[in-house]
Structure formats: C-alpha cells, structure tokens
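Every chain is numbered from 1, with letters handed out A, B, ... down the list of sequences. Computed from a prediction, not measured in an experiment: that's the story for all the values here.
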Protein chains: 2
Amino acid sequence: METSRSESADIKQHLRALGLRPTRQRVAIARLLLRGGHRHLSADDVLAEARRAEIPVAQTTIYNILRQFADVGLVREVLVESGRAWFDTRTSPHVHVYDEVTGAIQDLDHDPHALGLPENLNLPADVEVKDVSVVVRVSYKSK
Amino acid sequence: METSRSESADIKQHLRALGLRPTRQRVAIARLLLRGGHRHLSADDVLAEARRAEIPVAQTTIYNILRQFADVGLVREVLVESGRAWFDTRTSPHVHVYDEVTGAIQDLDHDPHALGLPENLNLPADVEVKDVSVVVRVSYKSK
DNA sequence: TTTTATGCAAAACATTTGCAAACCG
DNA sequence: CGGTTTGCAAATGTTTTGCATAAAA
C-alpha cells in the first residue's frame with residue numbers, strides 16, 4: 001500500500017483543525033480508520049489493523065487516540081454491551097441495530113435528531129446536546 | 001423495616017410468573033429494587049443496598065440476579081459508559097439523559113417506540129425487537 | 001527547549017467462571 | 001432426592017495509570 005504525500009497532508013490538517021497534534025500514530029490511525037467503508041471496531045480491532053498495516057503503536061496509545069478521536073467527533077463510541085466499547089467510523093447520524101445473538105452491530109439510515117427529541121428536552125440554556133444515540137436491540141423469535 | 005407476608009408472596013408469585021425460582025436472594029433483591037422510586041443502580045450499588053438491608057447475598061449472585069432480572073424485564077440495563085453497566089428500576093418506556101460531566105443519568109418521559117422507529121426497520125419476520133434505547137448525551141456550554 | 005504524546009509494565013475495575021455446598025420443589 | 005442456585009476464590013478482559021523516553025512545535 002502506497003501512502004500519498006497529499007493524503008497525509010490532508011489528514012494532518014484535519015487533525016490540526018480538530019485541535020490534535022498530528023503525531024505519527026494519530027495520522028496513521030486516522031488514515032486507517034477513515035479509509036472507506038463504515039465499520040464498528042473495538043480498541044483491539046484497531047490495534048490488530050494497525051499491526052497488520054505495520055504501524056508502530058502501543059495498545060495504550062490506541063486507547064488514548066480512540067478516546068481523543070471520539071471527543072473531537074472523528075469517530076463515535078458505541079455502547080451496546082457492558083465491558084467493551086465499539087468505535088464507529090461513521091459519524092453521520094444513524095441508528096444502531098444490535099443483534100443480541102450474534103453480537104453484530106448494523107447501521108440503519110435514520111437520523112435520531114429527526115425524532116423530535118432534542119426539542120422536547122426542555123434543557124437549560126447552558127446545556128449542550130453532544131450526541132443522541134439510539135440502539136435497537138434485536139434477537140430471533142423462537143419457533 | 002417490616003417484611004409483610006403478603007408482599008413476599010406477591011413477589012414470589014411475580015418471579016414465578018417470569019420463570020424464575022423465588023429463592024431467598026431473588027425475592028429479597030426484587031423487593032429492594034421494586035420498592036418505590038425509579039433509580040439507576042450499578043451492581044455494586046445493589047450489593048451495598050443489600051448489605052445495608054442485611055440481605056445475605058454474594059456479589060456473584062448480585063450479578064447473576066441482575067442479568068436474570070434484566071432478561072425477564074424486571075429491570076433494564078442501561079449502557080452510557082464503557083466499563084460499567086447501570087440497571088434501571090423503571091421499565092416503562094423512556095429516554096435517558098446522560099450528563100457527561102457529572103455522570104448523572106436522568107429519565108425523560110418520552111416513549112422511544114413513539115419515534116416511528118421499529119416500523120422503519122424493515123426487519124425480517126423472525127427478528128424480534130427486544131428493546132429500543134435512547135441516550136441523549138449532554139454537557140455544559142463553555143463560557 | 002518546552003510542551004505534549006508515546007509506550008511499557010503494572011494497576012484497577014467490572015464482570016465471569018469453575019466448582020462444592022446449600023437450597024427449592 | 002434431583003436439578004438449580006448460591007457463594008467463594010480465582011480468572012478474564014478491558015481500560016487506566018505512573019513514569020521515563022521520544023517526538024512535535
């Protein structure tokens with residue numbers, strides 16, 4: 001895989017714009033995460049992908065970077081089961097469908113903000129909505 | 001605190017109806033959880049309350065019971081942060097507002113099912129919606 | 001050079017497991 | 001009794017921390 005000079009430059013600029021120093025690891029992980037296709041990855045998945053891509057990075061750093069990326073909205077944290085966090089490379093509004101049997105997470109093209117929710121919240125002026133997450137938990141009807 | 005005979009009987013019957021043997025621990029924990037007021041409790045909170053109420057029960061059992069209770073719908077698992085699960089003693093439909101700063105979870109009287117969601121799912125016939133969870137993540141505007 | 005990030009190893013947690021003893025029906 | 005459930009201790013898995021080294025500005 002070839003790393004184009006301009007792609008790196010773009011990502012560096014992107015990270016800077018988000019207030020993050022474009023370190024070697026952050027740039028490499030960002031490229032890895034943002035390359036086409038929406039995916040749901042655990043921290044360990046990202047570490048594995050990084051290793052595969054021969055990106056020199058420690059597990060601790062993966063955790064740091066994923067938290068930072070989630071903070072600035074580069075990825076979205078998805079909580080569907082206690083004990084492990086998933087990170088969604090799709091940041092545009094959508095709903096998650098979680099299969100309790102297989103553990104699979106699927107995206108559903110539906111904007112949670114279009115649900116008339118935030119308006120109904122009656123929130124104080126200084127309160128800011130950071131995210132609205134919708135998870136539809138499904139399983140299979142027995143017989 | 002006095003334990004009325006009939007209250008115990010009610011709970012036992014309730015548990016049986018849900019397919020759970022009314023063991024000493026399950027009955028005691030159920031009574032503790034279902035006594036008035038909607039709350040969001042961690043497994044550890046429940047253990048602490050049990051100790052306070054002098055209910056003889058082990059941590060392992062709390063975990064078992066909470067999972068079972070969630071399975072049969074006696075409580076609802078709430079996932080708002082990775083690494084720890086909360087259990088909501090309110091089972092009627094509502095939305096959660098999670099304060100990222102204080103960690104507080106609040107209920108919002110709004111039925112997620114009234115959002116036109118399940119109908120839009122286009123799910124296969126054998127797929128069953130077990131739960132729809134909505135979490136509005138908020139924090140405070142700076143300055 | 002000054003600040004910030006990385007990475008290692010060790011902690012810290014929440015949750016689960018294996019298995020013997022106790023309990024429920 | 002016979003299948004479940006409990007509870008202990010140990011294990012597991014994920015995420016965090018402390019701190020020295022390295023990289024960024």
Measure from [atom1] on [X] to [atom2] on [N] and round the result to the nearest Å.
X: B:E81; N: C:dA12; atom1: CD; atom2: C1'; result: 15 Å
X: B:R16; N: C:dC24; atom1: CZ; atom2: P; result: 11 Å
X: A:R67; N: D:dT16; atom1: CZ; atom2: C1'; result: 8 Å
X: A:Y63; N: C:dA10; atom1: OH; atom2: P; result: 18 Å
X: A:F69; N: D:dT15; atom1: CZ; atom2: P; result: 17 Å
X: B:K12; N: C:dC24; atom1: NZ; atom2: P; result: 8 Å
X: B:L41; N: C:dA14; atom1: CG; atom2: P; result: 15 Å
X: A:L15; N: C:dT6; atom1: CG; atom2: P; result: 11 Å

Any ion pair linking A:E77 and B:R137 (charged N to carboxylate O, less than 4.0 Å)?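 No salt bridge links B:R137 with A:E77.
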
Salt-bridge test for B:D109 and B:R90: reply yes if a basic N is under 4.0 Å from a carboxylate O, no otherwise. yes

Quick one: which protein N/O atoms are closer than 3.5 Å to N/O atoms of nucleotides 5-8 of chain D? Pair and distance per line, please.
unit_1: D:dT5; atom_1: OP1; unit_2: B:R26; atom_2: NH2; d: 2.7
unit_1: D:dT6; atom_1: OP1; unit_2: B:T23; atom_2: OG1; d: 2.8
unit_1: D:dT6; atom_1: O3'; unit_2: B:Q25; atom_2: NE2; d: 2.9
unit_1: D:dG7; atom_1: OP1; unit_2: B:Q25; atom_2: NE2; d: 3.0
unit_1: D:dG7; atom_1: OP1; unit_2: B:P56; atom_2: O; d: 3.4
unit_1: D:dG7; atom_1: OP2; unit_2: B:A58; atom_2: N; d: 2.9
unit_1: D:dG7; atom_1: OP2; unit_2: B:T61; atom_2: OG1; d: 2.8
unit_1: D:dC8; atom_1: N4; unit_2: B:T60; atom_2: OG1; d: 3.4

Test question: given the 4.5 Å side-chain rule for I, L, V, M, F, W and Y, name all other residues clustered with A:Y63, or answer none.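 Members other than A:Y63 - counting any ILVMFWY side chain reachable under 4.5 Å - there are none.
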
Tell me whether the side-chain N/O atoms of B:R84 come closer than 4.0 Å to OP1 or OP2 in D:dT15. no

In this structure, is the centre-to-centre distance between the rings of B:H38 and B:H94 below 6.0 Å? no

A:L108 side chain near A:V136 side chain, heavy-atom distance below 4.5 Å: no

In this structure, would B:L79 and B:V97 fall into the same cluster of hydrophobic residues linked by side-chain contacts under 4.5 Å? no

